[in-house]
2 protein chains.
Amino acid sequence: MPATIRDVARASGVHISTVSRTFSAPHLVNPDTRSRVLACAETLGYRPNRAARALITGRTHNIGLIVADIANPFFPPLIKAAESQARGRDYHIFVADTNEDPAVEEELVHALAKQVDGVLLCSPRMSNSLIEQLSREVPLVVVNRQVAGLPSVATDNGQGARLAVEHLLSLGHRDLALLAGPRGSWTNREIRRAAVAAARAGGAALTVLGPNPPTETGGGALAEPVRRCGATAVLAYNDLMAIGLIEGLRAIGTAVPGEVSVVGIDDIALSRLTRPKLTTVATPAAAAGRTAVDLLLQNGAGAGARGGRRGGLDDDRRATAQVTLRTELVIRESTGPGPAASNA
Amino acid sequence: MPATIRDVARASGVHISTVSRTFSAPHLVNPDTRSRVLACAETLGYRPNRAARALITGRTHNIGLIVADIANPFFPPLIKAAESQARGRDYHIFVADTNEDPAVEEELVHALAKQVDGVLLCSPRMSNSLIEQLSREVPLVVVNRQVAGLPSVATDNGQGARLAVEHLLSLGHRDLALLAGPRGSWTNREIRRAAVAAARAGGAALTVLGPNPPTETGGGALAEPVRRCGATAVLAYNDLMAIGLIEGLRAIGTAVPGEVSVVGIDDIALSRLTRPKLTTVATPAAAAGRTAVDLLLQNGAGAGARGGRRGGLDDDRRATAQVTLRTELVIRESTGPGPAASNA
DNA sequence: TTGAAAGCGCTAACAA
DNA sequence: TTGTTAGCGCTTTCAA
């Protein structure tokens with residue numbers, strides 16, 4: 001049976017409130033008393049019960065992190081970074097996986113709301129209005145999406161898509177295809193808009209294929225459509241789809257980058273390990289995870305209030321930083337000269 | 001400000017204890033009253049505060065999950081499965097990453113202990129005695145390791161290693177190398193023992209290289225040593241190392257499987273996507289995650305007790321199932337005939 | 001079937 | 001600097 005504050009109080013001959021202070025406001029207690037209490041606590045293996053503490057302070061020191069799919073290699077580095085950042089600030093992270101299901105997303109926010117000081121909503125598929133509504137229940141930071149009035153951090157995949165298309169154009173490609181991602185993905189819209197604009201600016205044609213599941217299988221299924229549409233270069237919603245596409249292309253005897261160039265987005269570890277190595281847009285996932293945690297904590301998620309509302313600021317004054325993280329083109333082996341290469 | 005049990009009681013004109021019963025023991029309350037309370041709760045958006053509940057019941061409905069490295073692709077499917085299984089049983093999962101550091105492991109168990117009903121310790125690097133000691137603080141299920149007296153679930157990587165070596169022998173290889181994993185890894189010892197035994201039984205030589213970090217880089221660094229030791233076939237501690245080794249081998253102009261055959265362990269998604277596709281031993285990570293959760297919950301982690309000790313059973317009677325999950329050889333492209341192929 | 005009361009482990013006024 | 005007291009939101013005897 002774990003030691004409680006009372007056990008420590010008894011052992012060190014002080015009142016429980018003194019023990020409490022020793023841990024939550026050490027400067028308010030006499031150094032001698034403090035060290036005695038600390039010694040007893042040590043002996044008894046006492047650690048304050050955070051849940052009990054949370055009941056009063058309103059701060060659980062927990063953060064919820066909701067992702068569409070833990071197994072999608074884009075997320076683990078983000079989760080890892082968030083977890084590490086949180087731990088450095090004495091917070092723990094609840095991780096939950098929605099299986100790309102918006103209904104599960106909503107349910108999880110509700111379920112987590114009371115146990116956490118805030119939730120990091122990664123690549124949510126919900127509607128904006130639902131997200132706004134949920135944000136009244138618990139402080140939210142949205143990752144890889146922007147919602148008016150809410151703090152967010154997003155990698156600039158639109159800018160990345162532009163980089164990718166410009167790279168393709170400079171290689172002499174004039175017939176491009178875009179493998180769209182899942183419906184409801186904000187990032188997907190950003191990529192699409194930027195890719196279309198960049199293609200038009202370069203005088204190239206761009207066919208949009210999709211929406212598709214953001215997986216290797218999703219990409220693989222598009223090999224035929226890609227050939228049919230006559231594109232010589234393809235930008236995929238993410239690396240997984242790009243890699244799936246390359247596989248699919250190989251299966252139908254199409255050489256990459258010989259006949260078709262392929263660019264992904266994310267720069268997951270995997271993209272360095274396939275043949276050909278994937279040309280891709282590196283998105284700073286770890287930085288996004290760290291930033292999201294910081295944003296949440298800055299926004300007063302940790303403020304608490306005795307019987308008061310969550311968060312430290314009024315709704316109006318609550319900071320709603322919308323951080324955008326730059327991306328970077330990483331040229332590897334999956335892109336090569338296009339038909340108009342001599343123009344380049 | 002979220003609604004509390006008192007708000008609901010006031011709105012529905014009953015005592016808070018009736019509201020409490022409506023949620024925790026519905027059969028004890030009059031159907032009419034129950035539906036009225038439920039309706040009010042719905043309107044107010046009331047949800048019981050689990051932390052407050054845990055204070056009394058001793059059951060937090062949370063589970064801790066500690067892994068060495070979230071970014072290691074072996075873990076996400078395990079985490080995902082555990083999370084899903086837990087959610088189905090109305091539990092949430094805290095995920096924490098130790099960065100392969102035993103000291104962090106210990107600290108995390110302490111930190112999580114009060115907030116969870118049990119901890120899933122995945123591939124721990126701690127000593128057995130420390131694990132046993134920690135298990136007195138909070139119910140533990142050990143994953144991919146066996147500790148006397150503690151429930152555990154492990155994929156049978158020893159059996160897998162035997163399968164792999166036998167496969168290599170049958171291909172005519174007589175000079176084998178084993179890329180060992182990290183120091184402190186129980187799995188590593190199992191693999192080593194089984195590989196050594198299988199090689200000896202087959203009359204083949206086996207050189208053990210390591211210990212090494214269980215990463216792509218760790219494997220890549222071993223390309224030279226592998227060539228120097230004259231092995232024509234290599235078994236790696238995990239797929240990541242196998243893939244790194246293949247990369248490294250390619251960099252020094254060695255063909256796989258032409259000159260050297262390589263087998264991994266785990267069958268991570270990646271192993272299907274590299275060139276050549278990796279021959280490997282599939283370990284049922286998702287099943288391990290699910291089983292670990294079940295084991296924890298069965299062992300009375302969820303039992304709680306008013307003022308009593310954690311867990312539902314006495315120490316003596318506490319079930320200590322040691323589940324072992326069979327593995328399976330998946331032959332792909334990274335293994336081929338060895339010098340003694342004609343003998344096979 | 002419901003209400004009253006005690007209390008889980010802890011913090012936060014307030015008083016001494 | 002320390003102790004006293006009230007109470008966070010909830011469950012659980014016990015009595016009605």
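Order of the sequence lines sets the chain letters (A, B, ...), proteins ahead of strands, with each chain counted from 1.
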Residues which pass side-chain contact (heavy atoms from CB on, under 4.5 Å) with P77(A), listed by chain and number, not counting sequence neighbours = none
For S20(B), report the nucleic acid contact type (base, sugar-phosphate, nothing); a contact means any heavy atom under 4.0 Å.
-> base
List for me each residue that meets salt bridge (Lys or Arg N to Asp or Glu O under 4.0 Å) alongside E83(B), sequence neighbours excluded, and say none if there are none.
-> R87(B)
Starting from C1' on dC8(D), measure out to CG on N49(A) and report it in whole angstrom.
-> 13 Å
Go through the structure and list residues passing side-chain contact (heavy atoms from CB on, under 4.5 Å) with L55(A), not counting sequence neighbours.
-> N49(B), A52(B), L55(B)
Value rounded to 0.5 Å, distance of CG in D97(A) from CG in L108(A) | 8.5 Å
Could you list all the salt bridge (Lys or Arg N to Asp or Glu O under 4.0 Å) pairs where at least one residue sits in residues 123-133 of chain B, not counting sequence neighbours?
-> E100(B)-R125(B)
Whole-Å distance between dA6(C) C1' and L55(B) CG?
-> 14 Å
Round to the nearest Å and state the distance from R50(A) atom CZ to dC10(C) atom P.
-> 13 Å
Identify the pairs formed between an N or O of the protein and an N or O of nucleotides 2-5 of chain C at a distance under 3.5 Å, and give each distance.
from	atom 1	to	atom 2	distance (Å)
dT2(C)	OP1	T33(B)	OG1	2.3
dT2(C)	OP2	N30(B)	N	2.9
dG3(C)	OP2	H15(B)	N	2.8
dG3(C)	OP2	T18(B)	OG1	2.7
dG3(C)	N7	S17(B)	OG	3.4
dG3(C)	N7	R21(B)	NH2	3.2
dG3(C)	O6	R21(B)	NH2	2.5
dA4(C)	OP2	H15(B)	NE2	3.4

Rounded interatomic separation in angstrom, taking CZ from R6(B) and P from dT11(D) | 12 Å
Can you list every salt bridge (Lys or Arg N to Asp or Glu O under 4.0 Å) pair that touches residues 16-39 of chain A, not counting sequence neighbours?
-> none
Using a heavy-atom cut-off of under 4.0 Å over every strand shown, decide if F23(A) touches base, sugar-phosphate, or nothing.
-> nothing
Calculate the interatomic distance between I5(B) atom CD1 and dC10(D) atom P; express it in whole Å.
-> 5 Å
What integer distance in Å separates I56(B):CD1 from dC8(C):C1'?
-> 5 Å
S152(B) meets the side-chain contact (heavy atoms from CB on, under 4.5 Å) criterion, sequence neighbours left out, with V142(B), Q146(B), Q322(B)
Using 30° and 60° as the class limits, which term best fits the ring planes of Y91(A) and H61(A): parallel, tilted or perpendicular?
-> parallel
Taking five pairs at each end, how big is the angle between the two axes of the helix from dT1(C)-dA16(D) to dA16(C)-dT1(D), to 10°?
-> 30°
Among residues two or more places apart or on two chains, list those pairs meeting salt bridge (Lys or Arg N to Asp or Glu O under 4.0 Å) that have a residue in residues 4-19 of chain B.
-> D7(B)-R10(B)
Rounding to a whole Å, what distance do you find between R53(B):CZ and dC8(D):C1'?
-> 16 Å
